[in-house]
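These notes are about the structure you will find just below.
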Amino acid sequence: MSDIVLLEKALNHTAGLLGNVTPAQYGRPTPCEDFDVRALANHLVAGNPYYVTLAQGGGPDFSLFARDQIGDEQPGDVYARGAKEVLAAWRGEGAVERRMPLPGGGVGPRIVDLHLLEVVLHGWDLATATGQDRTGDPDAVEAAFAGWYGNFPDEIRPATGMFGPSKPVADNAPTADRLAAYFGRTV
């Protein structure tokens, strides 16, 4: 299955989760300690234009995450519109092959892989916080798990600021739960 198809499946799944979020749930905490449900929804929505820029070869625009991207709209609707735009950007020539520049001039993972991980992982956070099914799209979850699990050691995480240290989880837990625990979520 192509990277774009896997990302599309994850984006569609997360759009569905966001479509079920109500304003009454906005203040709930999420497993991602930086966000309540409203802030996480805004982060997810902002991720789409953020990745459009990266897919097109531009630099990161972190200001997108600081602005309210949802307003009075239903977050699932805003997210679904952004998902179409970001998928079009990922279909551009050379987009999927782009890699993350690292401090000091190194080259990190493919940006599309990071986008998939973020959609899957924050989808899990949202589903957990709002009482929805957190297993995710099976193909997208398996792809994120195969690409990241065991490949992002705890000792490099502080330098990235992206994920907390791994947490314990049962070996027979669902794949989405194992991935979430690997990236610092308490299952």
Side-chain angles (χ1 to χ4, degrees), residues 1-21 30 32 34-35 37-102 107-127 130 132-148 151-152 160 162-163 175-176 179-180 183:
M1 195 169 303
S2 80
D3 297 320
I4 301 302
V5 169
L6 290 165
L7 181 59
E8 184 173 24
K9 290 173 81 117
L11 289 163
N12 289 339
H13 181 80
T14 300
L17 294 171
L18 282 164
N20 293 327
V21 171
T30 71
C32 185
D34 295 339
F35 301 119
V37 167
R38 175 64 164 77
L40 178 59
N42 194 72
H43 181 81
L44 280 161
V45 169
N48 287 327
Y50 175 81
Y51 281 104
V52 165
T53 302
L54 295 178
Q56 294 172 339
D61 181 2
F62 297 110
S63 72
L64 290 165
F65 297 102
R67 296 192 301 260
D68 181 13
Q69 301 286 333
I70 299 169
D72 294 332
E73 292 187 68
Q74 206 292 324
D77 295 339
V78 183
Y79 187 80
R81 286 193 306 267
K84 289 178 186 175
E85 293 170 11
V86 77
L87 287 168
W90 281 121
R91 289 184 175 105
E93 187 174 336
V96 171
E97 289 78 28
R98 285 196 174 81
R99 294 193 170 271
M100 292 294 295
L102 297 177
V107 178
R110 291 182 322 153
I111 300 168
V112 70
D113 294 329
L114 183 59
H115 190 190
L116 176 65
L117 174 65
E118 187 159 350
V119 173
V120 167
L121 193 56
H122 283 319
W124 184 92
D125 293 331
L126 183 69
T130 58
Q132 298 183 64
D133 179 3
R134 66 184 192 212
T135 56
D137 175 84
D139 295 324
V141 169
E142 285 296 331
F145 187 86
W148 288 89
N151 296 320
F152 203 79
T160 68
M162 291 172 37
F163 306 107
T175 305
L179 185 66
F183 283 107

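Not measured: the values here are computed from a predicted model. Starting from 1, each residue takes its place in the sequence as its number.
Among all heavy-atom pairs drawn from V37 and L126, the shortest one is CG1-CD1, 4.0 Å. Counting all heavy atoms, side chain and backbone alike, R110 lies closest to V96 at NH1-CG1, 3.3 Å. In this structure, A176 and T135 approach most closely via the heavy-atom pair CB-O, 3.6 Å. Contact detail for L7 and V112: the closest heavy-atom pair is CD2-CG2, 4.1 Å. Across L179 and A144, no two heavy atoms sit closer than the pair CD2-CB, 3.9 Å. In plain terms, the two heavy atoms of Y79 and L18 that are nearest each other are CG-CD1, 3.4 Å.
Checking side-chain atoms of D77 against main-chain N and O of E73 turns up no donor-acceptor pair under 3.5 Å. Proximity of a side-chain donor or acceptor of Q69 to a complementary backbone N or O of A46 within less than 3.5 Å is not detected.
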| query | How far apart are the C-alpha atoms of W90 and I111, what are their side-chain angles, what is the distance that settles it, and do they pass the side chain to side chain contact (heavy atoms under 4.5 Å, CB included) test? | reply | CA-CA 10 Å; W90 281 121; I111 300 168; 3.6 Å; yes

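The ring pair (Phe, Tyr, Trp, His ring centres under 6.0 Å) check on H43 picks up F35, F65, H122, with sequence neighbours excluded.
Checked for salt-bridge contact, R134 and D125 miss the test: no charged N lies under 4.0 Å from a carboxylate O. By the 4.0 Å N-to-carboxylate-O rule, E8 lies close enough to R91 to be salt-bridged with it.
Side chains of E85 and N48: no donor on one and acceptor on the other come within 3.5 Å.
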